[in-house]
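Protein chains get the first letters and strands the later ones, always in sequence-line order, with residue 1 at the start of each.
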There are 2 protein chains.
Amino acid sequence: MQQPIKLPHDGRPTVVGCAGRGPDAVDGTDLVLRRFARFVSLTASDRRYLTRLVEAAAVHPPRRTVLTEGRPCDCLHLLAGGWAVEYRTLPTGGRQVLRIRLAGEILGAECIAYGAALQSVQMLTKGVVARIPRAEFVALHTTHPQLVTGLHLMGLFERAILQEWTISLGRRPAWSRVAHLLLELDERCRVSGLARISGTPFPLTQQDLADCTGLTLTYVNRVLTDMRRKRMIGLRQQELVILNRDELARASGFQPRYLRPTPPLGPLSGQDAGAAPRPVASVL
Amino acid sequence: MQQPIKLPHDGRPTVVGCAGRGPDAVDGTDLVLRRFARFVSLTASDRRYLTRLVEAAAVHPPRRTVLTEGRPCDCLHLLAGGWAVEYRTLPTGGRQVLRIRLAGEILGAECIAYGAALQSVQMLTKGVVARIPRAEFVALHTTHPQLVTGLHLMGLFERAILQEWTISLGRRPAWSRVAHLLLELDERCRVSGLARISGTPFPLTQQDLADCTGLTLTYVNRVLTDMRRKRMIGLRQQELVILNRDELARASGFQPRYLRPTPPLGPLSGQDAGAAPRPVASVL
DNA sequence: CGACGATTTGACTACAGTCAATGCTTGTGG
DNA sequence: CCACAAGCATTGACTGTAGTCAAATCGTCG
């Protein structure tokens, strides 16, 4: 029931070029632009840059490993389409997923500060990944300062999500952890425009969920079964439906505040410094 | 055995002015400059700015709450001296510490993206906190771009630490969690120049440790007792000594890589963009 | 000295893990 | 078109790590 397309779990990108434009593929460029626009207002030049970037991106099949922990890496990676997970493998064999990545997000951002990936990145679905070499990133500071500011703010946003996971793992019981994660993913998909009327796409297996929540596959299954029996969620095939949002939120302490950076995030860099009254970020 | 100075747990800063210069206080300015210099090379102007900032900082007593989760906040806070914790309180009464803050680090960085604090910040020791209003932060993009880049890279660094905590909470057993945390704090203190010959300052109570590791006070005590009996650590009063680093690291999977961003972090902003061969960051 | 906070210890409990077997989908190849 | 293989999901029985509750002790400060 997991991956519709079965392909070898690793190797080089299969296609390079104008990517992610299959019949049912969401337009990667659009998702990327929208995400940046949530944090900063983009100039026409910024949009052009991002568009070209995505056009040169590579397509990866499901379960493909995009980055490997510890391996030197001098690039930023931009996920232009599809879902991915960032995770760390432990010597004991366990695996801790650190975040779920949606289209428009940066993969392995820490490469800029460490020159290497601190964790691995794996595609959950077929997806599109663009690369920004470090030198190009450095150049962006002068050529597209707004994009750099956007990356900075996106970093703060993602840290808030990671932080919420930390709280879950540290102080919430199993049922709440799962509920919290489901609500978070649902909310993020809605905000990103990935949700459909029928529900939210959900390409994670129960093992993936276990690796996110620090639980075991067995126990995640018991929790999900319980949630279904209580008519809290519908989760079948690759789609999630939240049936009783209020009760799930109450029981898990979910407060979507951290998923909503204050909308009017004005330009933070360049000439707007100082007195400007923080214009609302245009949503394209 | 906790705090040498007993003071009310909240209220306004007691002193404002040239702060943190008590007989046994480490020079706050120096710590701040050294931390930034780990990530970017500072200009004389950058150093002057930071120096002035710290001179105008406020002194807080131990256990003072500096920031409160959910409360609107339009400032960056720079911890110029002392120790602090960032944490979240749960409806169930529990508390999850998200990070330990050492001198030179930013408190509540997410305020820039959210306009409010997502978690509380409390002093562990007496300490010095400077404030950078949002407008001033925006201005920094033009006046001191290197400092902004420094903040960006420090953000990536801190995310790596948070990530490591997440891994601990999700997939490491109690003993390893505690060991990993102790090694991390020891390492960070060494790198920051806070460690003494006799050992590392350690102002956390066992309850604090429990709130960091997602354990209970009782269990943390059992783990610490066990570590002492096995001659792995010495932990008394306010000082930690690692007696068997290798064994602790092996058992907890501690790899200090994430605490060591690649040293030659050249200027990332401004005119250096592109081909420059990444000069080594001068350590002042 | 007395009080408060921090630490230590013990007895008992329970949430989640482990191990193992079975059932269900889905896609592929005969 | 059907059967089989592979991966994923489900269920049960038992275990163990860490939590809970409670009391005693220690240390420091006032």
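Remark: P of C/dG5 and CZ of B/Arg63 are 11 Å apart, rounded to the nearest angstrom. A straight line from CZ of B/Arg228 to P of C/dT7 spans 9 Å, rounded to a whole angstrom. We find that CD of A/Gln207 is positioned 16 Å from C1' of D/dA6, with the value rounded to whole Å. Between the CZ atom of B/Arg229 and the C1' atom of C/dT8 there is a distance of 12 Å, rounded to whole Å. At whole-Å resolution of the value, CZ in A/Phe202 and P in D/dC8 are 14 Å apart. Per the geometry, CZ belonging to A/Arg222 stands 12 Å off P belonging to C/dT18, to the nearest Å.
Along DNA chain D, the nucleotide nearest to A/Leu224 and the one nearest to A/Arg171 differ in position, and the one closer to the 5' end is contacted by A/Leu224.
One finds a salt bridge joining A/Arg101 and A/Glu158 here, because a Lys/Arg side-chain nitrogen approaches an Asp/Glu carboxylate oxygen to under 4.0 Å.
The side chain of A/Thr216 has C/dT18 as its nearest neighbour among C/dT18, D/dT20, D/dT10. Here the nucleotide nearest the side chain of B/Asn221, chosen from D/dG19, C/dT7, D/dT11, is C/dT7. Comparing D/dT17, C/dC15, D/dT10 against the side chain of B/Tyr219 picks out D/dT17 as the nearest. Considering only the side chain of A/Thr218, C/dC19 comes nearest among C/dT9, C/dT8, C/dC19.
Across all strands shown, B/Arg177 has no heavy atoms under 4.0 Å from either base or sugar-phosphate atoms.
Between B/His180 and B/Phe254, the ring planes lie perpendicular to each other; the angle is over 60°, past the 30° to 60° tilted range.
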Scan the side chains in residues 239-249 of chain A for donor-acceptor partners under 3.5 Å anywhere in the protein, sequence neighbours excluded, and list what turns up.
unit_1	atom_1	unit_2	atom_2	d
A/Glu239	OE1	A/Ser198	OG	3.0
A/Glu239	OE2	A/Arg196	NH1	2.4
A/Glu239	OE2	A/Ser198	OG	2.9
A/Asn244	OD1	A/Glu247	N	3.1
A/Arg245	NH1	A/Asp186	OD2	2.7
A/Arg245	NH2	A/Asp186	OD2	3.2
A/Glu247	OE1	A/Arg250	NE	3.2
A/Glu247	OE2	A/Arg250	NH2	2.7

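Without hydrogens or angle criteria, B/Arg99 side chain to B/Trp165 main chain gives no donor-acceptor distance under 3.5 Å.
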